[in-house]
Number of protein chains: 2
Amino acid sequence: MVASAAELVRRNGIAGTGFRDVVEHSGTPRGSISHHFPGGKRQMVSEAVRLSGAHAATIMSHAEQDGPAAALAEICNVFRRSLVATDYAAGCPVGAVAQEGWREPELREAASEVFDEWRRILRGLMRERGWSEERAEDMADLAVCAFEGALLMCRIDRSTAPLDHVEHLLGPMLEAG
Amino acid sequence: MVASAAELVRRNGIAGTGFRDVVEHSGTPRGSISHHFPGGKRQMVSEAVRLSGAHAATIMSHAEQDGPAAALAEICNVFRRSLVATDYAAGCPVGAVAQEGWREPELREAASEVFDEWRRILRGLMRERGWSEERAEDMADLAVCAFEGALLMCRIDRSTAPLDHVEHLLGPMLEAG
DNA sequence: GTGCTTCTATGACGCGAGTCATAGTACGGC
DNA sequence: GCCGTACTATGACTCGCGTCATAGAAGCAC
């Protein structure tokens, strides 16, 4: 159910994702919404964001031993495949929450933690490559920002070019301190 | 009225911005909505995006003679001031449409044109600095992606640090081919 | 089997949204 | 003075949403 919510939020945003859509998409019973999510929609979206964030973090960690550029390439590949497979409907659920749900403290905090973990992973990989703490932090910020922005722009362009360019330019930068 | 719509969409997104909010914020008569916007909400948001996009384009153009880094710095400064002045409520209306309104062809096209113009401006400035056509295109993509992503992340972090980092890292890159 | 907890089914409720119809007003050309 | 056009006022209508209340079913300890 949380996975379905994440998938639908990716595509349609928070406001565009209703409980009715979620139960239909997941095949779960409708009557148990308020039982599993006593916190209502906020809770469901919050959990969906954390799930997606953790998923992305493990993807990056898979390429951990190959350095920061490989981690970026890996996550870009996954999202690029999602984009083309869904005809550019699937963006990033965390970005969706950052855009629509930032007023809700619960959602803002969930997104914040996800972004922090992503940056922490990249920072760690860059430090292993000999980056200074400060430069690693700045660069990790840049990478995550560019990645999120690229997902936005890919949908608008109906093309993976922005993501390709971001990966192509940022990859070498992440390696060489 | 369009300006008010742009301002409200920046803050609350499309779904979070109703006609009632717009007429209240702008002080315009409520009864004339369907007269001025026969295309409904879509039309209003579309015009708001184009207005904001043109506004940002003129801001970048003001620093035109000082090169691409100055143009980026200028637009970053404007949005940074908006962020702190509104306690991190004001994001980018174009980004909001890219996230929420991309399914509506009219909105998608409006956002697409705005992004294209921004990239075109940056590309032109970089070509003047001796960049190759291909590298200039890639780099312009990266700059706009990182900028949009930074606005997202600034709201979540409640800090201008992501935007600062993007500007500091990207500025020198835009100058030196 | 009985009773308790956990989960599911169904539907009603209230709210706020976008839209639209109808009526009213201001104003300029002739 | 008259009329056509441009704009405004008001409110009703429908629709879909999140939420909640109530009732029913399944599993399980004893």
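Chain naming here is simple, since letters A, B, ... match the order of the sequence lines and numbering starts at 1 in each.
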Once you round it to whole Å, what is the distance between P of C:dT19 and CD of B:Gln43?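 Computing the B:Gln43:CD to C:dT19:P distance gives 11 Å.
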Rounded to whole angstrom units, what separation is found between the CE atom of B:Met44 and the C1' atom of C:dT19?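 My rounded result for the distance is 13 Å.
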May I ask you to check whether A:Thr160 and A:Asp164 show a side-chain donor-acceptor distance below 3.5 Å?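 The criterion, which ignores hydrogens and geometry beyond distance, is satisfied for A:Asp164 and A:Thr160.
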Give a yes or no on whether A:Gln65 atom CD has more than 12 heavy-atom contacts from other residues, nucleotides or ligands under 6.0 Å away.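 Yes - once you tally the heavy atoms of other residues, nucleotides and ligands closer than 6.0 Å, there are more than 12.
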Hphob cluster co-occupancy, [X] + [Y], side-chain heavy atoms under 4.5 angstrom:
X: A:Phe115; Y: A:Val97; answer: yes
X: A:Val166; Y: A:Met126; answer: yes
X: B:Val23; Y: B:Val45; answer: no

Look at the side-chain N and O atoms of A:His36 and state whether any lies under 4.0 Å from the OP1 or OP2 oxygen of C:dT8.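 Checking C:dT8 against A:His36, a side-chain N or O does come within under 4.0 Å of OP1 or OP2.
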Contact state string [nucleotides 11-25 of chain D, B base, S sugar-phosphate only, - no protein heavy atom under 4.0 Å]: BB----SBB------
